[in-house]
Number of protein chains: 2
Amino acid sequence: MQTSTRDRIVVAAARLLQRQGYVGTGIKQIAQEAQATLGSVYHFFPGGKETVAVAAIRHSTEEFSALLRKALDSEEDPAEAVTACARQLADELRESGWTDGCPVTAAALETLGTDSEIQQACADALRGWEQLVADKLLRCGFPAESARELGTMVICALEGAEVTAQVNRSEEPLLVAGRQLARLVGSYEV
Amino acid sequence: MQTSTRDRIVVAAARLLQRQGYVGTGIKQIAQEAQATLGSVYHFFPGGKETVAVAAIRHSTEEFSALLRKALDSEEDPAEAVTACARQLADELRESGWTDGCPVTAAALETLGTDSEIQQACADALRGWEQLVADKLLRCGFPAESARELGTMVICALEGAEVTAQVNRSEEPLLVAGRQLARLVGSYEV
DNA sequence: CTCTGAATAGAGCGATCGTTTTAGTGAGGG
DNA sequence: CCCTCACTAAAACGATCGCTCTATTCAGAG
């Protein structure tokens with residue numbers, strides 16, 4: 001077998017969670033999409049749906065981190081690097097027909113009051129992405145406090161812009177966010 | 001009767017949608033929360049769940065618009081006005097126990113690929129809020145193009161910051177966004 | 001009074017939910 | 001050879017989903 005059944009389940013669950021959220025995605029649908037049977041899903045994830053979701057979110061988190069790292073490294077100047085991130089998100093979103101947004105937001109919002117592990121996994125994801133941006137700024141000579149605040153701001157703005165872009169079926173919000181974030185980052189440069 | 005049954009249904013649906021999203025909220029739950037019966041819900045909303053949701057989202061949209069208008073008018077200086085918005089959101093979010101976030105985001109994300117009226121209602125909401133911010137900036141003498149872009153950016157950043165704040169159960173993302181948005185707005189002033 | 005129609009009340013429909021259970025398959029070690 | 005055990009397969013469970021249906025209540029028009 002090319003890819004293991006377990007991996008196929010995680011990848012399928014990740015994509016479905018990204019598109020339909022946690023409540024909107026059924027275990028049976030995950031099994032079908034992964035070309036696995038229900039028995040296999042519960043064999044690899046005895047904890048049930050929530051366990052599958054946590055694994056899927058962690059997978060998506062790592063995948064998005066790689067994408068973010070690549071976009072940040074594609075430009076020397078930090079302001080241009082941030083714009084490149086927005087540009088990259090806009091491209092992928094448009095190509096997916098506006099369906100593949102942030103891989104964790106939908107699941108996070110649905111499980112907020114339920115103190116499941118999902119919320120923690122999403123919090124870890126956001127924190128990690130903020131750190132990636134902050135690290136880039138640190139490498140560019142930004143003071144620690146500014147880098148940290150800007151890291152948070154960049155991820156928040158991209159998050160919101162991606163949602164807005166999806167709802168409006170337009171990449172403009174992401175492009176605007178990219179421009180304004182670049183201006184903001186530039187306002188710090190000495 | 002103090003409030004009409006129809007209004008109680010809309011208000012209850014609005015709150016539930018805000019907290020659990022569209023898929024996670026059941027018609028029977030809405031009826032129960034509204035102190036109405038299933039028959040009443042389908043009497044006032046023959047279109048079913050989606051019709052209720054659209055009415056609820058429109059209600060939430062107007063409610064949030066009023067809140068935004070008030071926060072924007074509370075400060076003369078546009079940068080401080082934007083910060084006041086973030087501050088206001090942070091206060092309400094903390095007081096609700098991190099459950100009452102943006103009233104449309106969750107529902108919007110869950111119904112993206114389903115071409116329902118819900119998506120359009122959410123798009124209208126976001127557009128209206130952006131316009132409120134843009135209007136404030138126009139009144140402060142900003143050029144039309146800058147006001148429009150900043151309006152989009154402010155709403156996107158607040159949107160993302162609110163989600164991040166909810167997931168992390170901390171108001172810090174909203175406070176950071178408020179500060180950075182103020183800096184961004186300030187960078188335009190002549 | 002009767003009649004009417006809006007509004008309320010809740011039983012019940014088929015479908016699907018997450019999960020459990022039981023049976024079957026097949027490669028590897030004794 | 002048989003036995004083991006990780007894995008696959010699918011039937012079935014109770015609960016809940018959105019929705020339809022019928023019955024009932026009740027205020028106002030004639």
Side-chain angles (χ1 to χ4, degrees), chain A residues 1-17 19-57 106-107 109-119 121, chain B residues 1-17 19-57 106-107 109-119 121:
Chain A
M1 190 181 313
Q2 202 128 6
T3 63
S4 76
T5 302
R6 206 199 112 104
D7 285 351
R8 271 183 289 122
I9 291 171
V10 170
V11 170
R15 183 171 45 212
L16 290 174
L17 283 181
R19 297 189 178 171
Q20 338 178 74
Y22 180 70
V23 188
T25 301
I27 285 272
K28 293 172 185 172
Q29 189 186 12
I30 292 174
Q32 183 178 345
E33 193 83 6
Q35 308 233 58
T37 63
L38 202 53
S40 299
V41 176
Y42 277 94
H43 172 75
F44 290 109
F45 300 94
K49 185 180 181 182
E50 184 174 324
T51 320
V52 179
V54 169
I57 287 172
L109 283 177
E110 289 175 321
T111 56
L112 270 178
T114 65
D115 70 59
S116 67
E117 272 193 59
I118 296 176
Q119 186 179 350
Chain B
M1 189 179 322
Q2 202 129 5
T3 63
S4 78
T5 301
R6 205 198 113 105
D7 285 351
R8 272 184 288 120
I9 291 171
V10 170
V11 170
R15 184 171 45 211
L16 290 173
L17 283 181
R19 298 188 177 172
Q20 343 179 62
Y22 179 70
V23 189
T25 301
I27 285 273
K28 292 173 185 172
Q29 189 185 13
I30 293 173
Q32 183 178 345
E33 193 82 8
Q35 308 233 56
T37 63
L38 201 54
S40 299
V41 176
Y42 277 95
H43 171 74
F44 290 109
F45 300 94
K49 185 179 180 181
E50 185 175 324
T51 321
V52 180
V54 169
I57 287 172
L109 283 177
E110 288 175 322
T111 57
L112 271 176
T114 65
D115 70 60
S116 68
E117 273 192 59
I118 297 177
Q119 185 178 350

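Predicted model, so just to flag it, every value in this text is computed and none were measured.
One atom, NE2 of H43(A), and another, P of dC5(D), lie 13 Å apart when rounded to the nearest Å. Atom CD of Q32(A) is separated from atom P of dC17(C) by 10 Å (rounded to the nearest Å). Here dT8(C) presents its P atom at 12 Å from CZ of R6(B), a figure rounded to the nearest Å. Rounded to whole angstrom, the span from the CZ atom of F45(B) across to the C1' atom of dT8(C) amounts to 15 Å.
The two residues I118(A) and A107(A) have their closest heavy-atom pair at CG2-O, 4.2 Å. Taking all atoms of both residues into account, the shortest heavy-atom contact from I27(B) to L38(B) is CG2-CD1, 3.2 Å. When all heavy atoms of A56(B) and L17(B) are compared, the pair lying nearest together is CB-CD1, 3.9 Å.
Applying the side-chain contact (heavy atoms from CB on, under 4.5 Å) rule to T51(A) yields the partners F45(A); only residues at least two apart in sequence or on another chain are considered. Qualifying side-chain hydrogen bond (donor to acceptor under 3.5 Å, both in side chains) partners for R15(B), counting only residues two or more places apart in sequence or in other chains: none. Taking E117(B) as the reference, nothing meets the side-chain hydrogen bond (donor to acceptor under 3.5 Å, both in side chains) condition, with sequence neighbours excluded.
Base pairing in DNA chain D yields stems of at least 3 consecutive Watson-Crick or G-U pairs, both distances under 3.5 Å, namely C:1-27 with D:4-30.
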inquiry  = I'd like to compare against my own output: the B/S/- annotation of nucleotides 17-25 of chain D with a strict under-4.0 Å heavy-atom distance to protein.
reply    = BBBB-----
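Within the structure, every side-chain polar atom (N or O) of S40(A) is placed at least 4.0 Å from both OP1 and OP2 of dC7(D). Contact check, T5(B) against dT8(C): a side-chain N or O comes under 4.0 Å of OP1 or OP2.
Considering only heavy atoms from C-beta on, R8(A) stays 4.5 Å or farther from V11(A) through its side chain.
Legend: side-chain hydrogen bond (donor to acceptor under 3.5 Å, both in side chains) pairs involving residues 33-50 of chain A, not counting sequence neighbours, sorted by first then second residue: T37(A)-S40(A).
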